[in-house]
Amino acid sequence: MALFFTRLSEDMAGGPVATAAGENALTVVAALAHAGVPLTVAQLATGLDWPVDRVLRALADAERHPDLTDPVVPRRVAPDAYALGVRASRLSATQCAALTAQARCTTP
């Protein structure tokens, strides 16, 4: 059912994402989740054994179609590095502030 609504949303937003492009976007997000730290495009390319242009296309697809990777999205944290972040529409400003405050109070 989720796939149906994703495709419907894509169609309304200007067309579907090719299956391979969607899979590549999800693979890049999975790689960032697995790493747990920001990675450069070169590090992603090396780790995934992909050409750099494939990584860049996958990141661009994830940015253009955040519904594919919801609730997380790749975020540029440096000129050539990405990490995972929360999709902006997923949490309210109040929730973000409260969670940030809670995180400061938590000690590992």
Side-chain angles (χ1 to χ4, degrees):
M1 190 68 146
L3 183 58
F4 167 78
F5 285 108
T6 297
R7 287 185 179 153
L8 179 62
S9 174
E10 290 166 353
D11 288 342
M12 293 174 65
V17 176
T19 301
E23 289 296 320
N24 287 345
L26 289 172
T27 299
V28 166
V29 167
L32 291 169
H34 178 76
V37 296
L39 295 175
T40 65
V41 171
Q43 289 171 317
L44 284 164
T46 299
L48 295 171
D49 194 26
W50 287 0
V52 168
D53 64 317
R54 184 175 175 187
V55 172
L56 290 170
R57 282 192 312 270
L59 288 165
D61 287 334
E63 289 174 354
R64 271 194 307 274
H65 300 281
D67 51 302
L68 288 174
T69 62
D70 188 21
V72 296
V73 292
R75 296 254 185 253
R76 189 182 302 247
V77 295
D80 189 39
Y82 290 82
L84 284 186
V86 175
R87 187 174 177 185
S89 62
R90 184 52 58 187
L91 298 171
S92 70
T94 301
Q95 290 170 324
C96 287
L99 291 165
T100 299
Q102 290 297 315
R104 284 192 206 117
C105 296
T106 304
T107 55

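Numbers here simply count residues along the sequence, with the first being 1.
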Evaluate the criterion side chain to side chain contact (heavy atoms under 4.5 Å, CB included) for residue pair L84 and T69; output intermediate values, then yes/no. CA-CA 10 Å; L84 284 186; T69 62; over 6 Å; no
Cluster overlap V72 with V55, hydrophobic side-chain contacts below 4.5 Å: yes
Where at least one partner belongs to residues 39-55, residue pairs that pass salt bridge (Lys or Arg N to Asp or Glu O under 4.0 Å), sequence neighbours excluded: D53-R57
Which residues, ordered by chain and number, are linked to V86 in its hydrophobic cluster, where ILVMFWY side chains connect at heavy-atom gaps below 4.5 Å, directly or through other members? L91, L99
Between L39 and W50, is there a shared hydrophobic cluster once you connect ILVMFWY residues whose side-chain heavy atoms come closer than 4.5 Å? yes
Who pairs with T46 by side chain to side chain donor-acceptor pair (under 3.5 Å), at least two apart in sequence or on another chain? none
Indicate if V73 and L32 have the same hydrophobic cluster label, given that clusters are the connected sets of ILVMFWY residues with side-chain heavy-atom separations under 4.5 angstrom. no
Salt bridge (Lys or Arg N to Asp or Glu O under 4.0 Å) involving D80 - partner list, sequence neighbours excluded: none
For a 4.5 angstrom cut-off between non-hydrogen side-chain atoms, does L48 reach V28? yes
Roughly how far, to the nearest 0.5 Å, is the CG atom of L59 from the CZ atom of R64? 10.5 Å
Could you pull out all residues at least two apart from R76 that satisfy side chain to side chain contact (heavy atoms under 4.5 Å, CB included)? Y82
Test: salt bridge (Lys or Arg N to Asp or Glu O under 4.0 Å). Region: residues 82-93. Which pairs qualify, not counting sequence neighbours? D70-R87, D70-R90
Return the CG to CG distance between N24 and L68, rounded to the nearest 0.5 Å. 11.0 Å
